[in-house]
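A short write-up of the structure that comes next.
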Amino acid sequence: MAQETIFSKIIRQEIPADIVFQDDKVTAFRDISPQAPTHVLIIPNKLIPTVNDIQDEDEVVLGHMMVVAAKIAKQEGIDESGYRLIMNCNKDAGQEVFHLHMHLLGGKHLGRLIG
Ligand code: AMP
């Protein structure tokens, strides 16, 4: 059984977060420690710990995360200037919160993908 993280509390709105989008499948909120002028995390409402835990049945929610990412980028006014979507998986990628999340980063020139 996967262990809940702080992100489950954000989904249920039990702790404060700057939620920019929420529906029955996903929640998106501003990262508490932003690495760019726009830094939003898009997460499935279902607890999926890592990319490795994605099941066939999750295809719809994963696709929806991309649709929502594009909408938020437009809302933030960075769709034309550009942005980056990142999902970290496990230790070598530096995953800290084990509830799948997509980082949406933009609003400045982001430089190289791998520093
Ligand atoms: P990762 O390293 O990919 O697991 O990213 C986890 C991200 O979650 C980091 O960028 C954190 O700043 C962010 N984070 C952790 N706790 C919170 C929180 N309570 N509200 C918003 N963002 C958070």
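What you see is a predicted model, and the numbers here were worked out from it, not measured in a lab. In each ligand, atom 1 is the first atom listed, and ligand 1 is the first ligand listed.
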Do you reckon [X] sits in the same ILVMFWY cluster as [Y], going by side-chain contacts under 4.5 Å, direct or chained?
| X | Y | value |
| --- | --- | --- |
| Ile32 | Ile15 | no |
| Met87 | Val61 | yes |
| Ile10 | Leu100 | no |
| Ile19 | Met65 | no |

Numbered in order shown, the ligand 1 atoms found under 4.0 Å of a heavy atom of Arg30 are 21 (C)
Here the atoms of ligand 1 under 4.0 Å from any heavy atom belonging to Ser33 are 12 (O)
Heavy-atom proximity to atom 5 (O) of ligand 1 ranks first, among Met102, His101, Glu96, for His101
Walk me through it: do Ile6 and His99 pass the test side-chain contact (heavy atoms from CB on, under 4.5 Å)? CA-CA 9 Å; Ile6 197 161; His99 184 131; over 6 Å; no
Counting heavy atoms under 4.0 Å, the part of Met87 that contacts ligand 1 is neither
Short version for Leu41: what comes under 4.0 Å of ligand 1, heavy atoms counted, is side chain
Enclosure of Gln3 CD (heavy-atom neighbours >12, cutoff 6.0 Å): no
Nearest-neighbour protein heavy atom for [atom], which is reported as residue plus atom name and distance:
| atom | result |
| --- | --- |
| atom 23 (C) of ligand 1 | Ile32 CG2, 3.5 Å |
| atom 2 (O) of ligand 1 | Gly94 O, 3.0 Å |
| atom 7 (C) of ligand 1 | Asp31 OD2, 3.5 Å |
| atom 19 (N) of ligand 1 | Ile10 CD1, 3.8 Å |

Acceptor/donor pairs from residues 37-51 side chains to any protein atom, 3.5 angstrom cut, sequence neighbours excluded:
from, atom 1, to, atom 2, distance (Å)
Thr38, OG1, Glu76, OE1, 3.1
His39, ND1, Gln35, N, 3.0
His39, NE2, Asp31, OD2, 3.3
His39, NE2, His103, ND1, 2.8
Asn45, OD1, Thr27, N, 3.3
Asn45, OD1, Thr27, OG1, 2.6
Asn45, ND2, Asp23, O, 2.9
Asn45, ND2, Asp24, O, 3.1
Lys46, NZ, Glu57, OE2, 3.2
Lys46, NZ, Asp58, OD1, 2.6
Thr50, OG1, Asn52, N, 3.0
Thr50, OG1, Asp53, OD2, 3.0

Taken in chain and number order and not counting sequence neighbours, the residues that satisfy side-chain contact (heavy atoms from CB on, under 4.5 Å) with Leu85 are Met66, Ala69, Tyr83, Met102, Leu104
Self-check item: Any Phe7 heavy atom less than 4.0 Å from ligand 1
Solution: yes
*Purely on distance, is any nitrogen or oxygen of Ile6 under 3.5 Å from one on ligand 1?*
no
N or O pair under 3.5 Å between His39 and ligand 1: no
